[in-house]
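Take a look at the structure set out below.
Because the structure is a prediction, the values reported are computed rather than measured.
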Amino acid sequence: IMHSLAPLLQADTKKRVNLIELGPGRGTLLKDLLRVFMQFDGFKERIKGCFLVERSPKLREFQAKTLQSTFPHLPFTWEPIIDETLLKTS
């Protein structure tokens, strides 16, 4: 994960990114990653969206409580399946 995101953490890049997690469970991995990434200047502005691919309504509710309470300024979206539109970078 860090290898893929390392270029985005550099202060001189303007590239925007969608963060996508498949099967996010309780949402703690994404929460921990975001907590670290927010320490880099300008990273928050580079996030286009945070997508969680989750089918379970109960887990979606738990993830929302975990993530939205910690990062209310980020755009979280839940999807039941992954499709091409989530994978587009532009």
Side-chain angles (χ1 to χ4, degrees):
I1 293 172
M2 289 303 295
H3 177 72
S4 299
L5 292 174
L8 297 174
L9 300 177
Q10 297 173 357
D12 62 339
T13 185
K14 301 292 184 215
K15 187 171 184 177
R16 298 197 68 216
V17 64
N18 283 323
L19 300 177
I20 303 170
E21 185 173 3
L22 307 177
R26 297 181 334 198
T28 54
L29 175 62
L30 185 56
K31 180 181 174 181
D32 290 344
L33 288 173
L34 287 170
R35 189 176 20 230
V36 171
F37 294 160
M38 292 304 171
Q39 296 176 26
F40 290 86
D41 289 336
F43 187 78
K44 179 176 76 172
E45 291 76 24
R46 292 185 213 138
I47 298 174
K48 287 196 287 188
C50 297
F51 296 90
L52 294 94
V53 180
E54 179 62 67
R55 289 183 176 212
S56 167
K58 192 171 228 172
L59 283 174
R60 283 181 179 206
E61 183 180 328
F62 192 89
Q63 295 154 4
K65 287 178 185 174
T66 299
L67 295 166
Q68 292 174 329
S69 64
T70 307
F71 305 102
H73 57 281
L74 291 180
F76 292 99
T77 304
W78 281 262
E79 300 290 343
I81 60 171
I82 191 166
D83 64 15
E84 289 179 25
T85 57
L86 284 181
L87 299 176
K88 290 186 179 178
T89 57
S90 58

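- In this structure, CZ on Phe43 lies 6.5 Å from CE on Met38, to the nearest 0.5 angstrom.
- Put simply, the side chain of Arg16 gets close to the backbone of Glu45: a donor and an acceptor are under 3.5 Å apart.
- Under the rule for a salt bridge (charged side-chain N to carboxylate O under 4.0 Å, His left out), the partners of Lys65 that lie at least two apart in sequence or sit in another chain are Glu61.
- Side-chain contact check for Pro24 versus Leu52: some heavy-atom pair is nearer than 4.5 Å.
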Donor-acceptor contacts under 3.5 Å from residues 70-80 side chains, at least two apart:
{"from": "Thr70", "atom 1": "OG1", "to": "Thr66", "atom 2": "O", "distance (Å)": "3.0"}
{"from": "Trp78", "atom 1": "NE1", "to": "Gln63", "atom 2": "OE1", "distance (Å)": "2.8"}

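- Of the inter-residue distances, the one linking Leu59 atom CG with Glu54 atom CD reads 4.5 Å to the nearest 0.5 angstrom.
- Applying the salt bridge (charged side-chain N to carboxylate O under 4.0 Å, His left out) test to residues at least two apart or on different chains, the pairs with a partner in residues 24-35 are Asp32-Arg35.
- Under the rule for a side chain to side chain contact (heavy atoms under 4.5 Å, CB included), the partners of Leu22 that lie at least two apart in sequence or sit in another chain are Ile20, Val53, Ile82.
- By the 4.5 Å heavy-atom criterion applied to side chains, Leu19 and Leu34 are counted as neighbours.
- From Arg46, atom CZ reaches atom CZ of Phe37 across 11.0 Å, with rounding to the nearest 0.5 Å.
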